[in-house]
Amino acid sequence: MSDNLHPFRSHTCGELSRGHIGEKVRLSGWIHAKRDHGNLVFIDLRDEFGLTQCVIDISSSLFNSVETVRIESVITVTGKVVERSNETINPSIKTGHVEVHMEAVVVESSADVLPMLVAGDQEFGEDIRLRYRFLDLRRNQLHKNIQLRSKVISSIRRRMTDQGFLEVQTPILTASSPEGARDYLVPSRNHPGEFYALPQAPQQFKQLLMVSGFDKYFQIAPCFRDEDARADRSPGEFYQLDFEMAFVTQEDVFNAIEPVLAGVFLEFGGDHTVTKMPFPRIPYKEAMLKYGTDKPDLRNPLTIQDVTNSFRNGGFGLFAKIIDAGGIVRAIRVPGAGNQPRSFFDKLNDWARQEGGGGLGYIIFGEDGNTKGPIAKNLETEKISEIETKTGTKNGDAVFFVSGEVGEAERFSGLARERLCTELSLRSGGQFNFCWIVDYPMFELNEEAGKIEFSHNPFSMPQGGLDALQTQDPLDVMAYQYDIVCNGVELSSGAIRNHREDIMVKAFEIAGYDRSVVEEEFGGMLRAFRFGAPPHGGSAPGIDRIVMLLANEPNIREVIAFPMNQRAEDLLMGAPSKVDDSRLRELGLKLNLPKIKTSPNSV
RNA sequence: GGGGGUGUAGCUCAGUUGGUUAGAGCGCUGGCCUGUCACGCCAGAGGCCGCGGGUUCGAGUCCCGUCACUCCCGCCA
């Protein structure tokens, strides 16, 4: 072209305003929408920056070609910026006061009929969305989410660097680490029969960096785990803000990361409030009692109390029997729920049975002070008033009860607490509500195997050190292990690490592992610990989950540009896929597949 | 591995108690339309009702199996 304009664009599609009236401009973008009036066609041209209306009428020789271009084709438009008349201004777009009168049009790339629409907010099935991810990513919501993700990561990186954290990359091809998930394995060509593992987390590397004298490390680290997906768990791979600090206590770690998280959530959280620092610290045991989970949603105002003693040897036989067998009873007081109709209680009871709980007992405390329900009928009045006192119940409230074996009752009371909250719309909105869960047990009992196991990863420092391991019941030993939770979502877990060989060997011994196992599994790290290791600790908040909360998305795939589906398949790229026999031979591999189970993975 | 939900036009969905020729909106194709911005109007094409089996005179609908997607449990921080 003979003008001096850039071959593709002089302006973006979000740029033109009244100030450009009369200018000759060039825009490139996708045809977002087309309104064809027969002798007059409007095209909304879209790029990442906005929409601009372009117009052409029958008098132009280009008219026919413009009329036939399909939506989502990419075109370059050259023309004059013209003011819109008052009646035709579109206040809903930035460029709505002007339009471009098309004088030249180049079709850069024409689009086929679309499997899903880019414009509009119709919902599409997830397999279509994943297969045509590039179209989905053009759409407003997902595009915004990925932009948000980028900004969040930049902000996190800046905040970490400003605090003196050093960003270090660690290997992707490495050895299996002890997180406990399945590893993704990569066969080695140079060492037939041997495999690399993709890191489940850079756990050992960050500890090695501490031993290497780096005082504060961080990384936006990819982590790979071959485990099944959930709505909040991306299959295959995800990202963590992995960080570690030398010469720190647990409180030092909290004080370092709280301002980063609070800062990011304030920066991108819109009008949501963020928990004031310092975030509450809740001991694991307390969390399990009060909330029935170690990732409590503190926007839920309900709490759980133990009322086992008020049912022991009481008139309500079912619970008394469970208690005799070693079980417990937990109570949830729900303010105002006494006014709910009978059907409300029945519905909850049905739900409880469906969830595998025995049921959900209740006592209704009427406005008149009388109690109602099957439990109230059978339980002694003094025991009822004991419960009333213990739970702080007032007239008009209802108290719900869960009874069973300790672990099961605890878990189920947590589910019931959430259910009641949702059912009665008690959850406060507009908050990012943070807390730390601290004082996790170092070990737990595997009921089936009757064996003591590490309850988290084996790298945590036991509270009380070697002495605690030697003198206490292992199940009473707590670790300097902590989780950070926001709105019921576990953002990360971390620990003050065990940097002492002797304590580590002892810890493994309690979990039933011989010294030789430790030596074999973590030889690299043990060796490092023998040459001067600083006390250190850290954590690793999940990036995807942070963005998911900030974007207010219920599903983690909504904040990942190219996620895999639930079965860890990439429908767009066609992964995983078969490879040529020659490649297998090179790696010294021969397939030994289980009986034919064809999954047509054709794209 | 187990449980729940879903599967009907390119897409999103409706489809009654089992009953004749399976519908709508969007998209697509053609026609009309010079001020729309969810443009409008008219016409049309498009269906292995996921797949296989069964019950029945008759199945999109009921039963069994299977596959796919999704949510949950297991698993996983």
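Proteins get letters first, then strands, A, B, ... in listed order; numbering begins at 1 in each. Only heavy atoms go into these numbers, but all of them, side chains included; no hydrogens, no water, no symmetry mates.
Which of B:U34, B:C69, B:C33 sits closest to the side chain of A:L40 comes down to B:U34. Set against B:U70, B:U36, B:C75, the side chain of A:T88 has B:U36 as its closest nucleotide. The side chain of A:D228 lies closest to B:G74, out of B:C28, B:G74, B:G35. The side chain of A:E569 sits closest to B:C69 out of B:G35, B:C69, B:C75. Distance from the side chain of A:Q122 is smallest to B:C26 among B:U36, B:C26, B:C72.
Counting any heavy atom pair closer than 4.0 Å across all strands shown, A:R557 reaches sugar-phosphate atoms only and no base atom. A:F42 comes within contact range of at least one nucleobase, with a heavy-atom separation under 4.0 Å. The residue A:N555 sits close only to the backbone: its heavy atoms come under 4.0 Å of sugar-phosphate atoms, none of a base. Residue A:S455 is classed as a base contact, given a heavy-atom separation below 4.0 Å to a base. Using a 4.0 Å heavy-atom criterion, one finds that A:E123 contacts the sugar-phosphate atoms exclusively. Counting any heavy atom pair closer than 4.0 Å across all strands shown, A:E72 reaches no nucleic acid atom.
Checked for salt-bridge contact, A:E72 and A:R138 meet the test: a charged N lies under 4.0 Å from a carboxylate O. Classification of A:E490 and A:K295 as a salt-bridged pair fails, no side-chain N sitting under 4.0 Å from a carboxylate O. Contact check on A:D544 versus A:R149 returns a salt bridge, with a Lys/Arg side-chain nitrogen under 4.0 Å from an Asp/Glu carboxylate oxygen. In summary, A:D47 and A:R9 engage in a salt bridge, as defined by a charged side-chain N under 4.0 Å from a carboxylate O.
Separating the CD atom of A:E67 from the C1' atom of B:G31 is a distance of 11 Å, rounded to the nearest angstrom. The distance between atom CG of A:L117 and atom C1' of B:G25, rounded to the nearest whole Å, is 11 Å. Distance, A:D226 CG to B:C75 P: 16 Å, rounded to whole Å. Protein atom CD of A:E126 is 16 Å distant from nucleotide atom P of B:C11, rounded to whole Å. Note: CD1 (A:I556) to P (B:C76) measures 18 Å, nearest angstrom. Across the protein-nucleic acid pair, A:I128 atom CD1 and B:U70 atom C1' stand 14 Å apart, rounded to whole Å. Between A:I56 atom CD1 and B:U36 atom C1' there is a gap of 15 Å when expressed in whole angstrom units. Here the P atom of nucleotide B:C69 and the CG atom of A:D570 are 13 Å apart, to the nearest Å.
Contact annotation: A:R230 does not reach the phosphate of B:C71 (side-chain N/O to OP1 or OP2, under 4.0 Å). Contact annotation: A:R35 does not reach the phosphate of B:U36 (side-chain N/O to OP1 or OP2, under 4.0 Å). Not one side-chain nitrogen or oxygen of A:Q53 sits closer than 4.0 Å to the OP1 or OP2 atom of B:U36. Between B:U36 and A:N90, no contact under 4.0 Å exists linking OP1 or OP2 to a side-chain N or O. Applying the 4.0 Å criterion to OP1 and OP2 of B:C69, one finds that A:R567 has a side-chain N or O inside that range. Within the structure, every side-chain polar atom (N or O) of A:R131 is placed at least 4.0 Å from both OP1 and OP2 of B:A68.
Ring centers of A:Y482 and A:F254: under 6.0 Å apart, within the cut-off.
Using N1 to N3 plus N6-O4 or O6-N4 for Watson-Crick, or N1-O2 and O6-N3 for G-U wobble, each under 3.5 Å, B:C37 pairs with nothing. B:C49: no Watson-Crick or G-U partner with both key distances under 3.5 Å is found in any strand. Using the Watson-Crick or G-U wobble rule with both distances under 3.5 Å, B:G7 pairs with B:C67. Figure legend. B:U12 is base-paired to B:A24; pairs are counted as Watson-Crick or G-U wobble with both atom distances under 3.5 Å. The nucleotide B:G58 finds no pairing partner, because no Watson-Crick or G-U wobble arrangement with both distances shorter than 3.5 Å includes it. Nucleotide B:C75: unpaired (no Watson-Crick or G-U wobble partner with both distances less than 3.5 Å).
The CD atom of A:E99 lies 10.5 Å from the CG atom of A:D44; values are rounded to the nearest 0.5 Å. Note: A:M210 CE to A:Y217 OH = 8.5 Å, rounded to the nearest 0.5 Å.
Here the separation of B:U34 from B:G40, taken at their C1' atoms, is 13 Å to the nearest Å. For B:G27 and B:G10, the C1' atoms lie 7 Å apart once the distance is rounded to whole Å. Comparing the C1' positions of B:A22 and B:G58 gives an interatomic distance of 16 Å, to the nearest angstrom. Separation of the C1' atoms belonging to B:A45 and B:A9 is 11 Å when rounded to the nearest angstrom. Of the P atoms belonging to B:A14 and B:A24, the separation is 16 Å, rounded to the nearest Å. The P atoms of B:C76 and B:C64 are separated by 34 Å, rounded to the nearest whole Å.
Looking at A:R225, its side chain has no donor and acceptor atom pair within 3.5 Å of the base of B:C76. You won't find any donor-acceptor pair under 3.5 Å spanning the side chain of A:R129 and the base of B:C11, going by distance alone.
In summary, of the residues considered (A:Q207, A:E244, A:H536, A:Q481), a side chain to side chain donor-acceptor pair (under 3.5 Å) with A:R497 occurs for A:E244 alone.
Using a 5.5 Å limit on the distance between ring centres and a 30° limit on the angle between planes, the aromatic ring of A:H37 counts as stacked on the six-membered base ring of B:C39.
In terms of position along RNA chain B, the nucleotide closest to A:L114 lies nearer the 5' end than the nucleotide closest to the other residue of the pair A:L114 and A:R84. Heavy-atom nearest nucleotides on RNA chain B were determined for A:P115 and for A:K34, and the one closer to the 5' end corresponds to A:P115.
Ring planes of A:F165 and A:F218: perpendicular class, angle over 60° (limits at 30 and 60°).
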